[in-house]
Amino acid sequence: MPRTVIAGNWKMHKTSAETRTFIETFLPLVAHVPRDVDIVIAPPFTALAAAHGALRQPARVRLGAQNVHWEPQGAYTGEISIAMLLEHGVDHVIVGHSERRTFNNEVDATVNLKVRALLAHGLTPIVAVGETLDEREAGITDERVIAQTRAALAGLESETLRRVVLAYEPIWAIGTGRNCDPLEAGRVMGAIRGCIDALRDVPILYGGSMKADNVAAYMAQPHINGGLVGGASLDASTFAALVRNATTR
Ligand code: 13P
């Protein structure tokens with residue numbers, strides 16, 4: 001069985017001070033969530049140190065980053081390495097988010113380089129794939145997301161592949177309030193899981209206008225193992241309610 005993962009992608013939101021305040025409020029609210037559920041928050045790079053300090057060890061909530069460079073170091077102005085993330089207790093990294101594909105030249109080949117580097121260092125990549133509205137309307141959703149998945153994971157051994165987390169984020173559903181119907185999301189995610197044998201037990205998360213009041217409908221789908229949450233992860237009480245609704249069995 002894939003494990004359950006609920007991850008908050010904060011995007012370009014929250015200073016270090018705001019991050020500390022969030023965590024102080026959030027931790028008690030998720031204290032009774034079953035231990036087999038992975039809760040992840042991915043603040044901006046500048047707030048990782050504050051988050052690491054506030055989460056305390058051993059941390060109930062895991063720390064994620066929103067991007068990474070695949071090279072260990074070098075002349076890459078503005079980039080962040082894996083060693084820099086490890087220093088701040090990061091163990092998950094979002095790779096291939098559609099916003100980075102759109103605004104920051106993220107392409108399948110760089111996603112693959114990042115996934116390989118992360119896995120080689122024992123970190124968990126959260127690999128995001130998803131179709132545009134045009135692609136959906138053209139009837140090529142499955143083809144697109146399968147191509148993105150295969151490209152992201154190209155050249156990896158089955159044993160290594162079992163350590164990834166995937167996220168299906170239909171681009172038209174991100175930040176729009178127009179969430180994908182859970183049944184349809186589950187269908188696409190089943191197609192993603194089916195495209196490589198080693199993905200059988202890999203968590204696949206849904207992302208795109210996921211909220212506390214719709215998360216249970218997603219979690220009821222067999223191929224949906226959690227969420228990658230944007231807007232609804234920014235407020236501690238709202239995100240805690242989402243996590244609890246996702247994990248009430
Ligand atoms: P929203 O939950 O704001 O739609 O964002 C989803 C997302 O992009 C998470 O990575």
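Counting starts at 1 for both ligands and their atoms, following the listed order. Heavy atoms only: backbone and side chains are in, while hydrogens, waters and symmetry mates are out.
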Open item on the list: Below the 3.5 angstrom mark, is there an N/O of T176, backbone or side chain, next to an N/O of ligand 1?
Closed with: no
TODO: Decide side-chain contact (heavy atoms from CB on, under 4.5 Å) for L205 and V229; before the verdict, give the C-alpha distance in whole Å, the side-chain angles of both, and the deciding distance to 0.1 Å.
DONE: CA-CA 9 Å; L205 320 182; V229 184; over 6 Å; no
Task: Proximal ligand 1 atoms for G175, defined as those under 4.0 Å from one of its heavy atoms - done: 1 (P), 3 (O), 4 (O)
Open item on the list: Closer than 4.0 Å to some heavy atom of G231 - which atoms of ligand 1 meet that?
Closed with: 1 (P), 2 (O), 3 (O)
Open item on the list: Is it the case that atom CG in N104 sees more than 12 heavy atoms from other parts of the structure closer than 6.0 Å?
Closed with: yes
Open item on the list: Under 4.0 Å from a heavy atom of S209: which atoms of ligand 1 are those, numbered in the order shown and with their elements?
Closed with: 1 (P), 2 (O), 4 (O)
- [ ] For G208 and ligand 1, answer yes if some heavy atom of the residue is under 4.0 Å from a ligand atom, otherwise no.
- [x] yes
Open item on the list: Measuring only between side-chain heavy atoms, which start at C-beta, is R101 closer than 4.5 Å to V107?
Closed with: no
Task: For G230, the ligand 1 atoms whose distance to one of its heavy atoms is below 4.0 Å - done: 1 (P), 2 (O), 3 (O), 5 (O), 6 (C), 9 (C)
Open item on the list: Quick check on R200: does its CZ atom have over 12 non-hydrogen neighbours (other residues, nucleotides or ligands) under 6.0 Å away?
Closed with: no
Task: Whether W10 and F22 hold their rings parallel, tilted or perpendicular, with breakpoints at 30° and 60° - done: perpendicular
TODO: May I ask you to list the atoms of ligand 1 that are less than 4.0 angstrom from any heavy atom of E169?
DONE: 6 (C), 7 (C), 8 (O), 9 (C), 10 (O)
Open item on the list: With respect to V229, determine whether any N or O atom, backbone or side chain, lies less than 3.5 Å from an N or O atom of ligand 1.
Closed with: no
- [ ] Using only heavy-atom distances, determine whether the side chains of N179 and K211 contain a donor-acceptor pair under 3.5 Å.
- [x] no
Task: Single hit among L55, V33, D38 for side chain to side chain contact (heavy atoms under 4.5 Å, CB included) with R60 - done: V33
Open item on the list: Looking only at protein heavy atoms, which one is nearest to atom 5 (O) of ligand 1, and what is the separation?
Closed with: K11 NZ, 3.3 Å
TODO: Within a distance under 4.0 Å of any heavy atom of A173, pick out the atoms of ligand 1 and give their elements.
DONE: 4 (O)
Open item on the list: Is any side-chain heavy atom of Y168 closer than 4.5 Å to one of L228?
Closed with: no
Task: ligand 1-proximal atoms of L228, by part, heavy-atom distance under 4.0 Å - done: both
